[in-house]
Structure formats: C-alpha cells, structure tokens
Participant: 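The following block contains the structure, expressed as structure tokens.
All values below were derived from every heavy atom in this structure, side-chain atoms included, with hydrogens, water molecules and symmetry-related copies excluded.
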Amino acid sequence: QRSIVWIHDYMGLSSDVIVMLLQHCREMDKLSAGYIETVAKSWCERGINDVKSAEEEINRMSKMEVFFRKIKRIFGIESRKLNTRERIYAEKWCGENFSDELIEYAFDKNIDSTGKLSFAYIDKILFNWKEKGYTDKETVEAGESKLKSESKQKKTKKTYDFDALAQIALDLGGNDE
C-alpha cells in the first residue's frame with residue numbers, strides 16, 4: 001500500500017495509470033512491491049504517465065512476453081528465463097519482425113556451425129540475411145544455393161589468354177641464345 005502511495009505522490013502517476021500498472025503486473029503474475037515500483041519508475045522515466053501511453057506500453061510488454069516464450073520454445077530453453085542480453089537480442093528481432101521460421105532457421109545454422117546456442121551468432125545471421133534481402137527460409141535457401149553454384153563455377157571455369165601465353169613462351173625462348 002505504501003508503494004502505491006509513493007508511486008502516486010512522488011512519481012506523479014495518476015490513479016488510472018496505477019490501476020492499469022497493477023492489473024498488468026497481476027496478469028504477469030509479478031505482484032512484488034519491488035517489481036511494481038521498478039516498472040512504475042521505468043514508466044515515469046520514459047514519460048508513460050497517461051492512460052493512452054500506459055495502454056500502448058502494456059500492449060508492447062505483452063507482445064514481448066509472447067515473443068520471448070516463442071524464442072525460448074524455438075531454442076529449447078523453456079525451463080529458464082532469458083537473461084538481460086538475450087532479452088535485448090529478442091526485442092531487436094521482434095522489432096525487425098523476423099518470422100519464427102527465419103529465427104528457427106538461423107538457430108539451426110547456429111547449432112550446425114558452433115554446436116551451442118549463441119544469441120550473438122544468431123543475431124549476426126539474421127541481420128546478414130536482412131542485408132541480403134532474405135525474408136524467409138525459402139529466400140535464404142535460394143540465395144545460398146545461388147552463391148554455392150557461383151562459387152563452383154568460379155572454381156571450375158578457368159580461362160586463359162593463349163595469345164599472352166604464346167608471347168611469354170616466345171620471350172622465354174629468346175633468352176636461350
């Protein structure tokens with residue numbers, strides 16, 4: 001109760017916004033005074049002090065929690081919480097609207113290459129694909145296939161300038177005199 005009074009009197013959040021904050025915390029099953037105060041402080045620092053901005057923030061936070069659960073499922077780490085760094089990567093991916101399929105494919109590539117989960121490695125993969133214009137698994141596979149075939153063509157297709165080689169041979173032949 002003291003926390004609510006403190007949030008109202010010292011942080012300046014309106015009663016409506018505080019009720020929204022409490023309801024959101026209850027839905028998240030995070031009702032400790034410390035958590036509520038931390039969220040209230042964060043909201044105040046970011047200017048979330050009216051009903052409209054509180055609604056938008058609650059929607060954003062709810063969307064992120066759903067996305068975090070998807071990431072944990074894809075990566076096979078449902079039994080633990082994401083740490084701060086992992087949450088930052090996941091928030092970035094959500095903001096970029098990377099699909100679950102693309103993230104899962106990047107995860108598979110990560111495991112194939114390193115043998116262990118690395119959010120940083122997956123992040124590099126995803127943004128490399130984005131830079132190349134790949135938007136889903138099919139475009140990634142098509143792009144990788146094209147790169148492999150171009151690489152094979154470069155390795156097998158050598159060209160020679162026979163006129164230049166003949167001139168070199170003539171020049172070398174003239175040095176024997």
Side-chain angles (χ1 to χ4, degrees), residues 1-140:
Q1 192 173 14
R2 287 183 189 170
S3 293
I4 295 170
V5 171
W6 179 76
I7 291 168
H8 183 271
D9 292 348
Y10 295 102
M11 291 190 176
L13 290 182
S14 71
S15 299
D16 291 341
V17 172
I18 293 171
V19 168
M20 293 175 74
L21 170 66
L22 293 173
Q23 184 177 3
H24 174 70
C25 290
R26 184 183 54 152
E27 289 170 3
M28 301 292 292
D29 201 26
K30 296 180 179 181
L31 289 172
S32 73
Y35 181 79
I36 293 167
E37 289 173 9
T38 299
V39 173
K41 183 180 178 194
S42 170
W43 284 15
C44 286
E45 289 171 352
R46 293 183 296 140
I48 299 169
N49 51 17
D50 59 35
V51 171
K52 183 177 185 242
S53 59
E55 264 180 12
E56 290 170 356
E57 179 61 10
I58 288 169
N59 288 337
R60 187 196 71 79
M61 290 172 71
S62 296
K63 179 182 174 186
M64 289 311 309
E65 286 303 319
V66 168
F67 191 76
F68 292 158
R69 282 193 297 274
K70 284 182 188 178
I71 292 296
K72 288 170 40 173
R73 180 189 49 76
I74 290 169
F75 295 174
I77 55 172
E78 298 97 335
S79 62
R80 70 169 179 86
K81 292 182 178 183
L82 298 178
N83 66 36
T84 303
R85 199 170 340 123
E86 292 169 341
R87 289 175 74 92
I88 290 169
Y89 281 120
E91 285 179 9
K92 200 164 58 163
W93 303 338
C94 184
E96 291 291 335
N97 292 316
F98 291 132
S99 69
D100 297 354
E101 176 194 44
L102 196 64
I103 292 169
E104 186 168 4
Y105 194 52
F107 168 72
D108 291 342
K109 293 284 187 181
N110 160 228
I111 296 300
D112 290 346
S113 295
T114 68
K116 63 181 181 175
L117 173 61
S118 170
F119 277 69
Y121 195 89
I122 293 167
D123 188 69
K124 287 182 177 135
I125 292 170
L126 289 169
F127 281 93
N128 182 13
W129 289 345
K130 179 183 178 191
E131 187 177 298
K132 292 179 178 179
Y134 303 159
T135 56
D136 55 29
K137 184 177 177 179
E138 290 74 30
T139 57
V140 171

Participant: Testing Ile48, Ile4, Ile18 one by one against Leu13 for a side-chain contact (heavy atoms from CB on, under 4.5 Å), which residue passes?
Facilitator: Ile18
Participant: Look only at the side chain of Lys72 and the backbone of Arg80, and say whether a donor-acceptor pair between them is shorter than 3.5 Å.
Facilitator: yes
Participant: For the CZ atom on Arg46, are there more than 12 heavy atoms of other groups (residues, nucleotides or ligands in this structure) within a distance under 6.0 Å?
Facilitator: yes
Participant: Answer yes or no: are there more than 12 heavy-atom neighbours, outside Lys124 itself, under 6.0 Å from its atom NZ?
Facilitator: no
Participant: Looking at every non-hydrogen atom in both residues, tell me the closest pair between Ala54 and Val17 and how far apart they are.
Facilitator: CB-CG1, 4.2 Å
Participant: Give a yes-or-no answer on whether the side chains of Asn59 and Ser62 include a donor-acceptor pair shorter than 3.5 Å.
Facilitator: no
Participant: Backbone N or O of Ser118 within a donor-acceptor pair of the Asn110 side chain at under 3.5 Å?
Facilitator: yes
Participant: Inspect the surroundings of CD in Glu78 and state if more than 12 heavy atoms from other residues, nucleotides or ligands are less than 6.0 Å away.
Facilitator: yes
Participant: Rounded to the nearest 0.5 Å, what separation is found between the CH2 atom of Trp43 and the CE atom of Met11?
Facilitator: 12.0 Å
Participant: Return the CG to CZ distance between Asp100 and Arg73, rounded to the nearest 0.5 Å.
Facilitator: 6.0 Å
Participant: Look at Lys63 together with Glu91 and state whether they make a salt bridge at an N to O cut-off of under 4.0 Å.
Facilitator: no
Participant: Do Phe98 and Trp129 have ring centres separated by under 6.0 Å?
Facilitator: no
Participant: Check the angle between the aromatic planes of Phe119 and Trp93 and answer parallel, tilted or perpendicular using the 30° and 60° thresholds.
Facilitator: parallel
Participant: Can you name the salt bridge (charged side-chain N to carboxylate O under 4.0 Å, His left out) partners of Arg60, sequence neighbours left out?
Facilitator: Glu57
Participant: State plainly whether the residues Lys52 and Glu56 are in salt-bridge range, i.e. N to O under 4.0 Å.
Facilitator: yes
Participant: Does any N or O in the side chain of Thr38 come within less than 3.5 Å of the main-chain N or O of Gly34, such that one atom is a donor and the other an acceptor?
Facilitator: yes
Participant: For residues Tyr89 and Tyr121, establish whether the separation of their ring centroids is below 6.0 Å.
Facilitator: no
